[in-house]
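Treat the numbers as computed from the prediction; the structure is a model and nothing was measured. By convention here, the first residue in the shown sequence is residue 1.
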Amino acid sequence: MLDRPNAGALHGSLVTALGTAIVSGRYPPGAVLTLEGVSAEHGVSRSVAREAIRVLESMGMVESRRRVGITVRPAEKWNAFDPVLIRWRLDVGDRTALLVSLSELRLGFEPAAAALAARRATPHQCRIMASAVSDMVVHGRAGDLDAYLVADKLFHQTLLEASGNEMFRALTGVVAEVLTGRTQHGMMPAKPNLAAIALHDEVARAIRMGEAKMAEDAMRAIIDEAASAVVEDSREP
């Protein structure tokens with residue numbers, strides 16, 4: 001019998017395997033799966049298969065019906081904001097198109113969040129953002145992209161929290177997956193753009209000074225720079 005840690009790992013692996021198979025089109029919309037088929041193909045028990053299917057159902061990727069089976073749903077029915085789904089799509093989907101789409105989404109809320117943060121951020125949150133920018137400078141110069149990513153994610157997470165808007169805060173995972181995806185898939189330069197780091201510093205200073213318009217404009221420039229870099233990267237042979 002599987003112990004709990006192994007069972008948990010097996011469940012997580014199966015969810016990822018099925019999710020990426022759906023995203024990649026191996027299981028196209030309308031395809032019908034069965035617990036028996038999933039169990040046999042992946043060598044897991046029916047209970048593990050059932051739990052994995054429940055996770056995919058919660059993400060809107062499949063639908064279970066009696067006497068029909070487990071039907072793969074079209075992409076427009078998926079929970080597009082689910083960070084795990086975003087990760088899978090970056091792994092096996094049209095990465096550039098997704099990042100451009102996510103950049104357009106970020107333009108819709110991060111500049112507004114920055115403006116709100118300029119009105120609502122606490123001194124502690126301002127210090128965290130300033131410290132994150134300092135770390136980005138150090139790690140950017142060293143070319144340590146993993147450490148840079150940690151600081152970058154902390155900056156954006158704190159900014160969304162500082163907005164004081166729970167809806168913006170709930171999108172922290174979306175932004176984190178965008179930043180992580182660029183790094184993990186080699187879509188960041190060996191040394192991060194100094195202009196982009198300077199813009200993060202401008203956002204942090206504007207928020208600290210209570211300059212809402214300045215914070216909003218600088219955040220918009222950050223997202224525009226990142227989107228342009230993604231498009232340029234996709235054009236390179």
Check your understanding: Should Trp78 and Val32 be regarded as members of a common hydrophobic cluster, given that ILVMFWY residues are connected when their side-chain heavy atoms come within less than 4.5 Å of each other, either directly or indirectly?
Key -> no

Study note, to complete from the structure: Note: Ala204 and Val133 closest approach over all heavy atoms is CB-CG2, 4.3 Å

Practice item. Begin from the C-alpha positions of Arg87 and Asp91 and carry the test side-chain contact (heavy atoms from CB on, under 4.5 Å) through to its verdict. Key: CA-CA 6 Å; Arg87 187 182 314 151; Asp91 285 343; 4.1 Å; yes

Exercise for review: Evaluate side-chain contact (heavy atoms from CB on, under 4.5 Å) for Ser64 paired with Glu57, printing each intermediate quantity in order.
Suggested key: CA-CA 8 Å; Ser64 297; Glu57 281 184 302; 3.0 Å; yes

**Study point:** Main-chain N/O of Ala97 paired to Ser101 side chain as donor or acceptor, under 3.5 Å
**Key:** no

Review point. Taking the side chain as C-beta and beyond, is there a heavy-atom pair between Thr172 and Val175 under 4.5 Å?
Key: no

Review point. Is any side-chain heavy atom of Ile207 less than 4.5 Å from a side-chain heavy atom of Met129?
Key: yes

Review point. Hey, does the side chain of Trp88 reach the backbone of Pro83 with a donor-acceptor pair shorter than 3.5 angstrom?
Key: no

Check your understanding: Shared ILVMFWY cluster between Ile128 and Met136, side chains joined below 4.5 angstrom?
Key -> no

Check your understanding: Going by the salt bridge (Lys or Arg N to Asp or Glu O under 4.0 Å) test, which pairs reach into residues 213-222, not counting sequence neighbours?
Key -> Lys213-Asp217, Glu216-Arg220, Asp217-Arg220

Exercise for review: Spell out, as yes or no, whether a donor-acceptor pair under 3.5 Å connects the side chain of Arg95 to the backbone of Leu90.
Suggested key: yes

**Study point:** Short N-O contact, Arg205 and Asp201, less than 4.0 angstrom
**Key:** yes

Revision key, fill the gap. Nearest heavy-atom approach of Ser58 to Val55 is OG-O, 2.5 Å

Check your understanding: How far apart are the closest heavy atoms of Ala118 and Glu211, and which atoms are they?
Key -> CB-C, 3.9 Å

Review point. Going through the distances and angles, do Asp94 and Thr96 end up as a side-chain contact (heavy atoms from CB on, under 4.5 Å)?
Key: CA-CA 6 Å; Asp94 187 338; Thr96 298; 4.2 Å; yes

Practice item. Indicate the atoms forming the closest heavy-atom contact of Ser24 with Val92, along with that distance. Key: N-CG2, 4.0 Å

Under 3.5 Å donor-acceptor pairs involving side-chain atoms of residues 141-148, not counting sequence neighbours:
unit_1	atom_1	unit_2	atom_2	d
Asp144	OD1	Asp146	N	3.4
Asp144	OD1	Ala147	N	3.2

Point to revise | Pairwise distance CZ(Arg89) to CD1(Ile22) - rounded to 0.5 angstrom | key: 13.0 Å

**Study point:** Atom pair CG (Leu105) and CD1 (Ile86), whose distance is rounded to the nearest 0.5 Å
**Key:** 8.0 Å

Revision key, fill the gap. When rounded to the nearest 0.5 Å, the distance separating OH of Tyr27 from CG of Leu33 is 6.0 Å

Review point. Does the side-chain contact (heavy atoms from CB on, under 4.5 Å) test come out yes or no for Ser103 and Val230, once each step is laid out?
Key: CA-CA 10 Å; Ser103 293; Val230 166; 5.8 Å; no

Review point. How many angstroms lie between atom CZ of Arg127 and atom OG of Ser134, to the nearest 0.5 angstrom?
Key: 13.5 Å

Revision key, fill the gap. For Ser39 and Ala49 the tightest heavy-atom approach is OG-CB, 3.7 Å

Check your understanding: Linking I/L/V/M/F/W/Y whenever any side-chain heavy atoms sit under 4.5 Å apart, do Phe168 and Phe81 land together?
Key -> yes

**Study point:** Verdict with reasoning, Glu202 to Arg208, per salt bridge (charged side-chain N to carboxylate O under 4.0 Å, His left out)
**Key:** CA-CA 10 Å; Glu202 186 174 338; Arg208 185 169 64 251; over 6 Å; no

Practice item. Consider only side-chain heavy atoms of I, L, V, M, F, W and Y, link residues closer than 4.5 Å, and tell whether Leu116 and Val174 are in one cluster. Key: yes

Study note, to complete from the structure: When every non-hydrogen atom of Thr20 is compared with those of Ala17, the smallest separation belongs to OG1-O, 3.2 Å

Review point. Do other residues, nucleotides or ligands put more than 12 heavy atoms under 6.0 Å from Arg106 CZ?
Key: yes

Check your understanding: Quick one: CD on Glu51 to OG on Ser45, what's the gap to the nearest 0.5 Å?
Key -> 9.5 Å

Review point. So do Leu194 and Val137 actually touch side chain to side chain, heavy atoms under 4.5 Å?
Key: no

Check your understanding: How many angstroms lie between atom CE of Met61 and atom CD1 of Ile70, to the nearest 0.5 angstrom?
Key -> 13.5 Å

Pairs of donor and acceptor atoms involving the side chains of residues 154-162, under 3.5 Å and at least two apart or interchain, shall be tabulated with distances.
unit_1	atom_1	unit_2	atom_2	d
His156	ND1	Glu110	OE2	2.9
His156	NE2	Asp152	OD1	3.2
His156	NE2	His200	NE2	3.1
Gln157	NE2	Glu161	OE2	3.2
Thr158	OG1	Leu154	O	2.8

Practice item. Determine yes or no for a side-chain-to-main-chain donor-acceptor pair under 3.5 angstrom, with Arg182 supplying the side chain and Met187 the backbone. Key: yes

Point to revise | Any Val38 side-chain heavy atom under 4.5 Å of Arg46 side chain | key: no

Practice item. Verify the cluster assignment for Ile223 and Leu98: are they in a single hydrophobic cluster under the rule of side-chain heavy atoms below 4.5 Å apart? Key: yes

